[in-house]
Amino acid sequence: MYNRLRFKIILILVVFIFSVMAVVGTILLNSVFVFYTDNFVAEINDCFNSQMQERLINALGGENYIDEMNDILTAFSGQLGIDVNRDYYILDINGDVLASSSSEISYVNKTNNLLSAMNGKSSSVQLLGNDVMDYAVYLSTDLLFDDPESTDEPGLISDKNRECIIYISDTREEMQQFAWRVFSIIMQALLVGLGIALILSFFLAKAITSPIQNITNGAAKLAEGDFSEKLPVHSQDEIGVLTETFNTMANELKRTIDEVSGEREKLETIFAYLNDGVVAFDTSEKLMHINEKAKELLNVSISDDMSLNKFLALFNINIPIDDLMAGNGGSVTVREIEYSDKILDLSIGRFNIELEGMPNGGLICVIHDVSEHFALEKSRREFIATVSHELRTPLTGIRGATETVIENPDMSDDIKNHLLSMVIRESDRMTRIVRDLLMLSRLDNKKMSWKVSTFSPKELLEGCIEMLSIEAGQREQTVAVTESDNDIPDITADKERIEQVIINIVQNAMKYTPEKGTISAGIFYRYCNSVKGLKEGNYVIIKVRDNGVGIPEEDIPHLFERFYRVEKARSSETGGTGLGLSIANEIVLAHNGVIDVESSLGEGTTVYIYLPSFNNLK
């Protein structure tokens with residue numbers, strides 16, 4: 001409270017009023033003293049003129065001088081102003097009272113004026129601290145002189161000099177009463193002045209502090225980021241100019257902050273949507289910024305105490321940080337860092353900024369997740385190796401059979417026909433591999449030619465099962481459609497490719513089902529809302545179930561990978577290439593459907609094919 005400007009203004013005005021009234025009161029009280037003392041001295045001086053003194057001195061030379069002098073002073077009592085407050089005294093040279101206007105007083109205090117008269121010198125000096133106003137006149141018969149204008153006879157003078165003092169004393173009671181009345185008036189004026197000063201100071205303080213308070217509140221809102229409110233300007237004085245200047249400053253500050261915020265938002269948006277992680281450190285190697293992608297890639301708790309050394313320790317790499325900080329080493333890139341289950345590339349370089357005219361900056365680290373690229377490259381290498389192996393096997397067989405026929409022209413026809421049949425089988429195998437690879441390539445590059453038509457999926461399934469029943473009979477297996485809904489709607493899709501999918505799935509079930517096994521198929525129309533990878537809606541579901549060897553649980557997620565076979569030895573025996581399920585899955589995915597597999601080792605496998613009713617394939 002005591003530090004507030006309003007209180008200070010009020011206090012200053014109150015102190016000012018006190019000071020002014022104290023000065024005025026002092027001047028008035030001093031004027032009262034001067035007026036009374038000057039009036040007292042002038043009054044006594046007028047009475048004690050040369051004639052008055054001459055008469056008193058003459059009386060002093062007489063035999064009965066005390067009575068004579070008392071009579072003279074009594075006669076001039078009116079001029080001397082003798083009353084209850086003022087008395088005259090006839091004193092000897094030692095200050096003892098010889099006679100006075102008051103018979104009750106027989107002793108007077110020795111004042112400065114009286115002491116001066118006792119030393120032979122009249123005095124009328126009035127001091128502020130004295131209790132009385134007094135006037136002391138020294139008289140001596142040595143001072144008797146003949147006045148040529150006087151008609152009185154000269155008094156008798158004894159041979160011995162006679163001295164006395166006429167002393168006038170005033171108790172100052174009248175002056176004190178008047179001074180007290182003046183003081184009372186001054187105090188009343190002071191109280192009234194204080195009241196007026198308080199009221200005026202309140203309005204004055206309000207007039208001064210209200211705009212300042214508005215500016216203070218406006219500054220507080222500016223500090224909180226609120227630039228919406230403009231301060232009203234009520235006057236054109238200095239405070240009004242200050243308010244206008246504050247509004248101008250607020251506008252400029254808002255514009256500047258908007259520009260800075262815009263640039264910052266641009267950077268934050270760029271950082272937020274970058275597919276790369278960005279981490280920045282200042283020159284003291286403390287963390288400045290990290291985007292969400294970096295947090296996701298690092299998968300560790302990032303706190304404010306994360307330093308550059310701790311950051312590099314996550315990757316277990318050693319980089320010349322001092323050279324980078326000095327700007328001598330350019331940038332450094334470390335590739336294919338194994339971190340957790342990811343493969344990362346890390347690039348570190350210096351950035352420079354200026355703060356308050358001083359060069360500043362730090363290091364910025366860009367983390368690029370190359371796991372997918374690395375896996376793709378690894379898959380590509382494995383794919384090339386697998387294709388090479390798959391093609392080399394039939395080529396080796398073809399070459400071996402052909403060389404045997406050429407080198408042995410005299411071999412029997414049965415052996416020759418057997419070898420040539422093997423050449424044809426291996427050629428067919430190569431043809432299937434190349435055909436499947438071409439189809440996968442078209443699917444990957446979305447250059448597949450689709451022949452879209454509307455057909456009955458139930459009739460298609462029954463046709464495929466009927467066609468494959470002959471092959472199943474040769475294996476002593478049973479293939480049949482065992483369950484279906486009555487109302488299966490027609491679907492719009494590539495009939496030939498859907499047929500390829502069904503045949504592939506059924507043939508795959510036949511391969512891994514022992515003799516006298518059973519492969520059952522079914523078709524349904526259901527509403528699906530919880531199948532992984534499938535949008536909510538109505539789907540035609542084709543179900544193929546066998547009671548074969550089943551699939552290990554760990555192999556199910558890899559079934560649709562290219563060239564993946566659960567048991568390579570058994571797959572080689574059955575002539576599989578590991579591309580059939582991949583092709584089937586790609587075709588179904590292109591039709592906005594999914595293939596789901598459920599299997600337990602030794603208990604058989606169930607495959608579900610989900611197809612929407614309509615497909616707009618391009």
Side-chain angles (χ1 to χ4, degrees), residues 221-228 252-380 532-533 557:
K221 290 184 177 180
L222 288 184
E224 295 173 357
D226 182 6
F227 298 90
S228 59
E252 290 297 316
L253 183 60
K254 181 179 184 302
R255 183 182 62 79
T256 303
I257 291 179
D258 287 343
E259 291 179 357
V260 174
S261 298
E263 294 299 322
R264 182 176 181 179
E265 286 178 4
K266 289 179 185 178
L267 289 177
E268 289 182 349
T269 303
I270 292 172
F271 286 153
Y273 289 97
L274 274 178
N275 287 327
D276 294 335
V278 178
V279 186
F281 297 90
D282 59 18
T283 51
S284 61
E285 302 185 11
K286 292 183 179 179
L287 180 67
M288 291 177 61
H289 178 81
I290 180 169
N291 66 350
E292 293 299 323
K293 185 64 178 180
K295 295 179 181 178
E296 177 185 341
L297 291 175
L298 296 177
N299 195 25
V300 294
S301 177
I302 302 297
S303 59
D304 293 336
D305 62 349
M306 171 65 73
S307 64
L308 182 58
N309 288 329
K310 291 181 180 179
F311 174 77
L312 295 178
L314 295 175
F315 306 103
N316 195 24
I317 57 177
N318 186 16
I319 295 177
I321 300 300
D322 293 338
D323 292 341
L324 288 176
M325 282 292 186
N328 300 326
S331 61
V332 174
T333 300
V334 182
R335 300 190 181 279
E336 297 184 0
I337 302 171
E338 293 186 11
Y339 179 81
S340 185
D341 58 346
K342 304 179 185 70
I343 304 297
L344 306 176
D345 285 352
L346 178 63
S347 297
I348 302 178
R350 177 173 172 78
F351 66 92
N352 294 310
I353 57 176
E354 279 197 8
L355 295 175
E356 299 179 355
M358 298 292 291
N360 213 320
L363 292 180
I364 188 165
C365 307
V366 179
I367 309 169
H368 183 52
D369 186 3
V370 295
S371 302
E372 185 176 348
H373 174 76
F374 186 81
L376 184 62
E377 184 65 21
K378 181 180 178 182
S379 176
R380 184 185 66 83
K532 184 178 180 181

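- Heavy atoms only, all atoms of each residue included: Asp276 and His368 are closest at OD1-ND1, 2.5 Å.
- Taking every heavy atom of both residues into account, Val279 and Ala294 meet most closely at CG2-CB, 3.8 Å.
- How far CG of Leu308 is from CD1 of Ile348: 6.5 Å, rounded to the nearest 0.5 Å.
- Nearest approach of Glu338 to Ile343, heavy atoms of both residues: CG-CD1, 3.7 Å.
- Interatomic distance, Tyr339 OH to Leu344 CG, rounded to the nearest 0.5 Å: 8.5 Å.
- Scanning both residues, Asp345 and Glu336, for their nearest heavy atoms gives OD1-N, 2.7 Å.
- Atoms CD1 and CD1, on Ile367 and Ile337 in that order, are 8.5 Å from each other to the nearest 0.5 Å.
- Residues Gly277 and Asn291 approach most closely at CA-OD1, 3.6 Å, considering heavy atoms.
- Here the CZ-CG distance, from Arg335 to Leu346, works out to 11.0 Å after rounding to the nearest 0.5 Å.
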